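Accompanying notes for the structure given below.
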Amino acid sequence: MSVHFNHEEGIIAESLNLTVSLRGTREVRDNCQLFRLTGLLDAFSEPTFRKVLGNKIDDGPKHIILDLSQIDFVDSSGLGALVQLAKQAQTAGGTLQIVTNARVTQTVKLVRLEKFLALQTSVDTALENIK
């Protein structure tokens with residue numbers, strides 16, 4: 001595990017060991033965890049994604065922001081994992097918000113999950129929703 005410190009904001013970003021096709025970092029803030037992911041959220045990366053993020057939800061602040069704005073592709077396995085994480089966060093008394101890009105938004109809207117998955121246009125918007 002590697003850790004990076006952002007001196008401007010006083011936030012530590014921890015690298016997540018996911019898969020070859022999915023990489024990410026986790027930042028723990030006052031009242032939330034921010035995960036920034038890049039790559040593919042698909043059938044190959046989904047089991048590791050679900051396990052790693054599921055454990056982090058159990059460990060840290062219950063409000064979760066997933067920054068998927070740099071994700072290139074999401075398939076049905078990835079969508080299933082997002083739904084499961086949203087339910088896990090709700091059960092723990094928190095929320096899950098997803099910062100998205102056009103490709104991810106289109107995939108989520110195809111299955112009509114945009115309201116359930118609380119899609120946001122930016123990390124700043126998601127952070128404001130938690131306050």
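Everything quoted here is computed from the prediction, not taken from an experiment.
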(request) State, yes or no, whether a side-chain contact exists between Leu127 and Val123 at a heavy-atom distance under 4.5 Å. (result) yes

(message) Do Phe116 and Leu82 make a side-chain contact, defined as non-hydrogen atoms from C-beta onward lying under 4.5 Å apart?
(response) no

(message) For Gln70, I'd like to know if atom CD has over 12 heavy atoms of other residues, nucleotides or ligands within 6.0 Å.
(response) no

(message) Do Leu68 and Val83 land in one hydrophobic cluster if side-chain heavy atoms of ILVMFWY residues count as linked below 4.5 Å?
(response) yes

(message) With rounding to the nearest 0.5 angstrom, report the CG to CG distance, Leu18 to Leu40.
(response) 12.0 Å

(message) Checking Asp67 against Ser69 for the side-chain hydrogen bond (donor to acceptor under 3.5 Å, both in side chains) test, could you report, in this order, the C-alpha distance in whole Å, the side-chain angles of both residues, the deciding distance, and whether it holds?
(response) CA-CA 6 Å; Asp67 182 355; Ser69 62; 2.6 Å; yes

Side chains of residues 104-113: which donor-acceptor pairs under 3.5 Å do they make with residues two or more places apart or in other chains?
from   : atom 1 : to     : atom 2 : distance (Å)
Thr105 : OG1    : Thr100 : OG1    : 3.1
Thr105 : OG1    : Asn101 : O      : 2.9
Thr107 : OG1    : Arg103 : O      : 3.0

(request) Over all heavy atoms of both residues, which pair between Leu41 and Leu22 is shortest? Give the atoms and the distance, please. (result) CD1-CD2, 4.2 Å

(request) Enter the distance from Ile130:CD1 to Thr125:OG1 here, rounded to the nearest 0.5 Å. (result) 11.5 Å

(message) Give me the atom names and distance for the closest heavy-atom approach of Pro61 to Arg29.
(response) CG-O, 4.0 Å

(request) Report yes or no: do Phe44 and Phe49 belong to one cluster of Ile/Leu/Val/Met/Phe/Trp/Tyr joined by side chain heavy-atom distances under 4.5 Å? (result) no

(request) Check side chain to side chain donor-acceptor pair (under 3.5 Å) between Gln120 and all other residues, then give those that pass, not counting sequence neighbours. (result) Gln97, Asn129

(message) Do Leu34 and Ile98 land in one hydrophobic cluster if side-chain heavy atoms of ILVMFWY residues count as linked below 4.5 Å?
(response) no

(request) Would you indicate whether the side-chain heavy atoms of Leu85 and Phe35 approach each other to under 4.5 Å? (result) no

(message) Which heavy atom of Arg26 sits nearest to which heavy atom of Leu16, and what is that distance?
(response) CB-CD2, 3.9 Å

(request) Taking Asp42 for its side chain and Phe73 for its backbone only, find out whether a donor-acceptor pair lies under 3.5 Å. (result) no

(message) Show the nearest heavy-atom pair for residues Ser21 and Ser45, with the distance to one decimal.
(response) OG-CB, 4.1 Å

(request) Would you check if Thr38 and Arg36 make a side-chain contact, meaning some heavy-atom pair closer than 4.5 Å? (result) no

(message) With rounding to the nearest 0.5 angstrom, report the CD1 to OG distance, Ile65 to Ser122.
(response) 9.5 Å

(request) Heavy atoms only: give me the nearest Ala89-Ile64 pair and the separation to one decimal. (result) CB-CG1, 4.4 Å

(request) Would you name the heavy atoms of Leu37 and Gly24 that are closest together and state the gap between them? (result) CD2-CA, 3.7 Å

(message) Please say yes or no: joined through hydrophobic side-chain contacts below 4.5 Å, possibly via intermediate residues, are Val74 and Val99 part of one cluster?
(response) no

(message) As an exercise, state the distance from CD of Gln33 to CD of Glu27, rounded to the nearest 0.5 Å.
(response) 11.0 Å

